[in-house]
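In listed order, ligands and their atoms are each counted from 1.
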Amino acid sequence: MATNRTFTMLKPDAIENGYMGKIIDMIIGAGFQIKALKYTQLSVDQAKEFYAVHAERPFYGELVEYMSSGPIVAAILEKDNAVEDFRKLIGATDPAEAAEGTIRKAYAENKGRNAVHGSDSDENAAIEGKFHFAANEIF
Ligand code: IDP
Ligand code: MG
């Protein structure tokens with residue numbers, strides 16, 4: 001059964017470029033409620049673990065270095081059909097291919113530095129949420 005929660009990170013480029021507030025505003029404006037929120041930075045080991053599924057991809061080293069390079073905002077979001085609707089809101093991985101009105105179209109730099117993460121399944125949303133938040137940090 002589909003759950004109604006997803007997990008996101010505003011990535012280091014988005015924070016560096018000053019888009020934290022604008023992106024959070026777009027997320028809330030699209031009808032998502034914030035159930036957990038944290039301003040933090042991933043260690044190299046945490047970035048490796050979070051993206052372990054991509055360990056064999058040629059960009060893994062670059063991805064780990066970038067995701068641990070500066071602060072991020074992590075959040076658990078709630079809405080009907082959260083995972084799918086949030087993937088629609090963020091747009092394609094490569095901002096050059098992202099639709100108008102999406103977060104990546106507006107704020108991403110390129111395919112690697114693409115402003116925002118969104119879980120790709122209910123199962124991963126739950127795993128990724130637990131990776132960042134203790135039970136008493138989730139509302
Ligand atoms: P997604 O974030 O849209 O789900 P994935 O294919 O799961 O995209 O890739 C995870 C992350 O890895 C991307 O968001 C992006 O930051 C990075 N990435 C994906 N493909 C490339 C690439 O070809 N070059 C560099 N970084 C990439
Ligand atoms: Mg993905």
Side-chain angles (χ1 to χ4, degrees):
M1 194 186 79
T3 59
N4 57 357
R5 290 192 176 196
T6 190
F7 171 80
T8 187
M9 289 183 289
L10 312 195
K11 297 183 177 184
D13 63 295
I15 305 305
E16 238 173 84
N17 292 330
Y19 296 140
M20 186 200 297
K22 286 186 160 69
I23 293 174
I24 292 174
D25 201 42
M26 269 180 92
I27 292 170
I28 292 172
F32 292 87
Q33 283 186 5
I34 292 178
K35 294 291 165 179
L37 187 69
K38 189 176 283 185
Y39 191 35
T40 185
Q41 182 164 353
L42 295 174
S43 67
V44 169
D45 282 347
Q46 284 176 313
K48 279 184 184 163
E49 189 185 339
F50 189 90
Y51 284 107
V53 64
H54 296 304
E56 304 306 319
R57 309 273 287 272
F59 57 81
Y60 181 63
E62 181 191 332
L63 177 60
V64 167
E65 189 184 339
Y66 151 61
M67 285 303 298
S68 59
S69 68
I72 60 154
V73 170
I76 294 173
L77 306 173
E78 187 171 279
K79 183 184 179 298
D80 288 348
N81 203 34
V83 166
E84 195 184 336
D85 285 3
F86 193 70
R87 293 291 307 200
K88 272 190 204 139
L89 179 65
I90 69 177
T93 307
D94 185 345
E97 291 163 18
E100 281 301 330
T102 62
I103 293 173
R104 282 170 168 168
K105 175 74 179 183
Y107 300 120
E109 290 182 14
N110 54 50
K111 194 174 184 182
R113 295 169 60 89
N114 61 1
V116 63
H117 168 82
S119 304
D120 61 8
S121 66
D122 289 333
E123 189 193 1
N124 284 335
I127 292 169
E128 292 169 1
K130 279 191 196 127
F131 185 91
H132 283 273
F133 295 101
N136 69 348
E137 296 174 314
I138 302 172
F139 300 96

Contact partition for Met9 relative to ligand 1, non-hydrogen atoms under 4.0 Å: neither
Report yes if the side chains of Asn17 and Glu109 come closer than 4.5 Å at any heavy-atom pair, otherwise no. yes
Is a donor on one side and an acceptor on the other found under 3.5 Å between the side chain of Tyr51 and the backbone of Gly61? no
Contact between ligand 1 and Glu62 is defined here as a heavy atom of the residue under 4.0 Å from a ligand atom; is it met? yes
What is the closest protein heavy atom to atom 23 (O) of ligand 1, and at what distance does it sit? Lys111 CD, 3.7 Å
More than 12 heavy atoms of other residues, nucleotides or ligands under 6.0 Å from NZ of Lys22: is that the case? no
Quick one: nearest non-hydrogen protein atom to atom 7 (O) of ligand 1, plus distance? His54 NE2, 3.1 Å
Pick, from Phe59, Tyr60, Phe50, Tyr66, the option with the minimum heavy-atom distance to atom 27 (C) of ligand 1. Phe59
What are the atoms of ligand 1, with element, lying closer than 4.0 Å to any heavy atom of Arg87? 1 (P), 3 (O), 4 (O)
When you measure from atom 8 (O) of ligand 1 to every protein heavy atom, which one gives the shortest distance, and what is it? Thr93 OG1, 3.3 Å
In terms of residue, atom name and distance, what is the protein heavy atom nearest to atom 6 (O) of ligand 1? Arg57 NH2, 3.8 Å
Return yes or no for this condition: an N or O of Tyr51 is under 3.5 Å from an N or O of ligand 1. no
Return yes when atom CD of Glu137 has more than 12 non-hydrogen atoms of other residues, nucleotides or ligands closer than 6.0 Å, and no otherwise. yes
Residue portion contacting ligand 1 (non-hydrogen atoms closer than 4.0 Å) for Leu63: side chain
Give the contacting part of Arg113 toward ligand 1: side chain, backbone, both or neither, where contact means a heavy-atom distance below 4.0 Å. neither
Strictly distance-based, threshold 3.5 Å: is any side-chain N or O of Gln46 a donor or acceptor partner for the main-chain N or O of Ser43? yes
Asn124 side chain to Ser119 main-chain N or O, any donor-acceptor pair under 3.5 Å? no
More than 12 heavy atoms of other residues, nucleotides or ligands under 6.0 Å from CD of Gln41: is that the case? yes
Any side-chain to backbone donor/acceptor pair from Thr8 onto His117? Under 3.5 Å, distance only. yes
Would you check whether Arg104 has a nitrogen or oxygen atom less than 3.5 angstrom from a nitrogen or oxygen atom of ligand 1? yes
Is there a polar contact between ligand 1 and Asn114, counting only N or O atoms under 3.5 Å apart? yes
So which heavy atom on Ile72 is nearest to which on Ile15, and how close? CA-CG1, 4.1 Å
Select one of side chain, backbone, both or neither to describe which atoms of Lys11 lie under 4.0 Å from any atom of ligand 1, heavy atoms only. side chain
To the nearest 0.5 Å, what is the distance between CZ on Arg113 and CZ on Arg104? 14.0 Å
Atom 26 (N) of ligand 1: nearest protein contact (heavy atom, Å): Gly112 CA, 3.4 Å
